[in-house]
Amino acid sequence: MNKKILMAMTGIFIGAVAFAQNITTASSYFKTVSEYYSTLKTYEAEFELNQDKTEMAGHLSFKAPDLLRLDFSNPQEQVFCYSSNMLTIYLSGPKVILQQQISSDSSGASLATPQGLNLLNRYYTVAYENGQDPEPLDDDSDEMVYKLMLYKRSTAEAFKTIRLCISADSKLIRRVEATPNAGEPIVMNFFDYKLNPEITDQRFIYDAPSDANNFSNFLFSE
C-alpha cells in the first residue's frame, strides 16, 4: 500500500477514535447530573410552574435525603411538603389539607432531587433532543443548556415524556417539561439556586392553619 495513503488512513482512524471518545451519550450525561445532585446536602431555588394557562410561583427547599418543601407566592400561602414518604398539600383558597402516603419507589417523586433523578433513569429512556452540544435555553436566551428527552419504558408511568433543560455550566436543572398521559404539559422553571445553605429539619414540618379541613389518602378518594 502507498505510504501516503497508509498515513492518511491512520490519521483518519486516530481522528475517528478521538471523536468517538469525546462523545457523551445522553444516558451517561444524565447519570453525571444525577451524581452531582447526590453530592448536594441542601439547596434552595425559586420556581415558576405553568400548566394550561395556570401560572404558579414560589420557593423550593430541599434537604438530603428526602425532605422537600415548596412555599408558593402564587397562589399565596399554598404549600407542598414531602417528608418521610408523606405528602402534605395545603390549598390556601379553600383552606384544605391533603395528605397522602407516597411509595419511596414512585417515579412521581420530585424530578429535581437525587431520588427523583435516579428513578427517572430507571423508568425512562434518555436521549438528546437535538444533539450532544449545548444550546440556548430559549431562542432569545444567552444561557446555554443541554436538552434531554425522556421516554417512559412502561404504561405505568404518569408522564409519557419529560423534557429536561440542564445548565451547561452548573449541571443544575433549569427547566422540566412533563407531558402527562392525558392533559396539558407541566412546565417548571428553576432559578436563583443556593447550594448547601443551612436548613433545619424543622422547615419540613408543616404547621397547618387550625381552621383547615383535612383529607387523607386523597389520591384514592372517590
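Note that this is a predicted model, so its numbers are computed, not measured.
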Leu67 pairs by side-chain contact (heavy atoms from CB on, under 4.5 Å) with which of Ile199, Asp201, Thr42, Ile205? Asp201
NZ-OG1 distance between Lys171 and Thr39, expressed to the nearest 0.5 angstrom: 9.5 Å
Is it true that Arg175 and Asp138 make a salt bridge, defined as a side-chain N closer than 4.0 Å to a carboxylate O? yes
Asn74 and Glu55 side chains, donor-acceptor separation under 3.5 Å: no
Test of ring centre spacing under 6.0 Å for Tyr29 and Tyr146: yes
Ignoring hydrogens and geometry, is there a side-chain-to-backbone donor-acceptor pair from Tyr193 to Ile173 under 3.5 Å? yes
Quick one: are Phe159 and Asn181 in side-chain contact, heavy atoms under 4.5 Å? no
More than 12 heavy atoms from other groups under 6.0 Å of CG on Asp142: no
Taking 4.0 angstrom as the limit, do Glu157 and Lys152 come out as a salt bridge? no
State whether Glu44 and Arg203 are salt-bridged, where the test is any N-O pair (Lys NZ or Arg NE/NH1/NH2 against Asp/Glu carboxylate O) under 4.0 Å. yes
Find out if a path of hydrophobic residues (ILVMFWY) with successive side-chain heavy-atom gaps under 4.5 Å connects Ile162 to Ile186. yes
Could you walk me through whether Phe190 and Phe47 pass ring-ring contact (aromatic ring centres under 6.0 Å, His included), step by step? CA-CA 5 Å; Phe190 302 92; Phe47 70 86; 7.0 Å; no
